[in-house]
Structures are given as C-alpha cells and as structure tokens.
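Fair warning: this is a prediction, and the values are worked out from it, not measured in the lab.
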Amino acid sequence: MVTKLILDNRSITLVDYQENNTETGHLRITVHFKVSHEEYHDVTTLLYKGSFDVNIPEKNLTFIGTIENYSTSITNLYKKGNIGDFYLTLIEVK
C-alpha cells in the first residue's frame with residue numbers, strides 16, 4: 001500500500017491511495033489523509049494552488065497534477081486538538 005504523497009516538496013502521510021486512468025489516458029490518483037489543527041493552514045494554503053508537482057516515492061512516480069475533486073470532513077480544524085479527514089483526487093496534466 002502507498003503510504004506517502006509529496007506535493008510540491010510537502011510530505012503527506014496517507015490513509016488510503018487509489019490509482020486509475022481517465023478515459024483520455026491521464027493518470028488519476030485519489031488519496032485520503034488526516035490533517036491536524038496545527039497543519040490545517042499550511043495544507044489548505046498548498047491545496048489552493050490547484051496544480052502541483054506530484055511524487056509517489058513508493059511507486060517511483062512523478063507527474064504534474066491538478067485537482068479534480070477535493071473534500072474534507074466537517075471537523076472544526078480551528079479548534080486545537082482536532083483532526084480532519086481530507087480527500088483529494090488529482091489528474092495528471094500532460
């Protein structure tokens with residue numbers, strides 16, 4: 001199982017990883033990861049960029065990816081000690 005994703009040099013520990021191809025042959029990855037109160041600002045600021053250098057070290061896979069889908073749990077991450085679930089789908093840009 002893939003346990004780590006690197007977006008623009010930021011390492012993210014994964015809970016789940018899925019990979020497939022779009023109808024046009026582009027790689028699509030869907031990941032689930034946890035975000036703490038302390039990480040929230042940095043992670044969401046990064047995700048607002050929309051496109052990233054994507055690295056999956058365990059698969060020796062790198063590509064430029066753009067967000068297809070992004071969602072979070074309703075956890076209030078402004079409250080210290082809380083942890084939220086983030087779900088992110090990226091599509092390879094060729």
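- Between Lys34 and Glu39, the shortest heavy-atom distance links the atoms O-OE1, 4.0 Å.
- Contact detail for Ile67 and Leu47: the closest heavy-atom pair is CD1-O, 3.5 Å.
- In terms of modelled atom types and a separation under 3.5 Å, the side chain of Asp8 and the main chain of Asp53 share a donor-acceptor contact.
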Audit row: Ile29, Phe63, side chain to side chain contact (heavy atoms under 4.5 Å, CB included) steps and yes/no | CA-CA 11 Å; Ile29 65 167; Phe63 63 94; 4.2 Å; yes
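- Using a 4.5 Å heavy-atom cutoff, the side chains of Leu7 and Leu5 are in contact.
- Glu38 meets the salt bridge (Lys or Arg N to Asp or Glu O under 4.0 Å) test with no other residue; sequence neighbours excluded.
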Side chain to side chain contact (heavy atoms under 4.5 Å, CB included) between Glu68 and Arg28, worked out = CA-CA 9 Å; Glu68 178 184 53; Arg28 174 188 289 132; 3.0 Å; yes
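- Here the side chains of Val43 and Thr45 are not in contact, with every heavy-atom distance at 4.5 Å or above.
- Inter-residue side-chain proximity for Tyr17 and Thr30 is flagged as unmet; no heavy-atom pair is nearer than 4.5 Å.
- For Gly65 against Val54, the heavy-atom pair with the smallest separation is N-CG2, 3.8 Å.
- Grouped with Ile64 in one hydrophobic cluster are Val93, the linkage being side-chain heavy-atom contacts under 4.5 Å among Ile, Leu, Val, Met, Phe, Trp and Tyr residues.
- A donor and an acceptor atom, one from each side chain of Gln18 and Asn20, are nowhere located under 3.5 Å apart.
- Tyr48 pairs by the ring pair (Phe, Tyr, Trp, His ring centres under 6.0 Å) definition with nothing, not counting sequence neighbours.
- More than 12 heavy atoms of other residues, nucleotides or ligands lie within 6.0 Å of NZ in Lys94, so this atom counts as buried by the packing criterion.
- In terms of hydrophobic clustering, with Ile, Leu, Val, Met, Phe, Trp and Tyr side chains grouped at heavy-atom distances under 4.5 Å, Phe52 and Ile91 are assigned to different clusters.
- Shown here for Leu77 and Val35, the closest heavy-atom pair between the two residues is CD2-O, 3.6 Å.
- In the hydrophobic clustering of ILVMFWY residues, with side-chain heavy atoms under 4.5 Å counting as a link, Val31 and Ile12 come out together.
- One N or O on the side chain of Thr66 and one on the backbone of Gly50 form a donor-acceptor pair closer than 3.5 Å.
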Report the C-alpha distance between His41 and Tyr78 in whole Å, list the side-chain angles of each, state the deciding distance to 0.1 Å, and finish with yes or no for side chain to side chain contact (heavy atoms under 4.5 Å, CB included).
-> CA-CA 9 Å; His41 176 75; Tyr78 290 111; over 6 Å; no
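- Side-chain contact check for Asn82 versus Ser36: every heavy-atom pair is 4.5 Å or farther apart.
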Walk me through it: do Thr72 and Tyr70 pass the test side chain to side chain contact (heavy atoms under 4.5 Å, CB included)?
-> CA-CA 7 Å; Thr72 67; Tyr70 162 59; 3.9 Å; yes
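- In summary, Lys4 and Glu58 do not engage in a salt bridge, as defined by a charged side-chain N under 4.0 Å from a carboxylate O.
- More than 12 heavy-atom neighbours from other residues, nucleotides or ligands sit within 6.0 angstrom of CG on Asn76.
- Across all non-hydrogen atoms, the minimal contact from Leu27 to Leu61 is CD2-CD2, 3.5 Å.
- The six-membered or imidazole ring of Phe33 lies away from that of Tyr87, with a centre-to-centre distance of 6.0 Å or more.
- Within the 3.5 Å criterion, the main-chain N or O of Asp85 finds a donor-acceptor partner in the side chain of Ser73.
- His26 and Asn21 form no side-chain donor-acceptor contact under 3.5 Å, judged by distance and modelled atom types alone.
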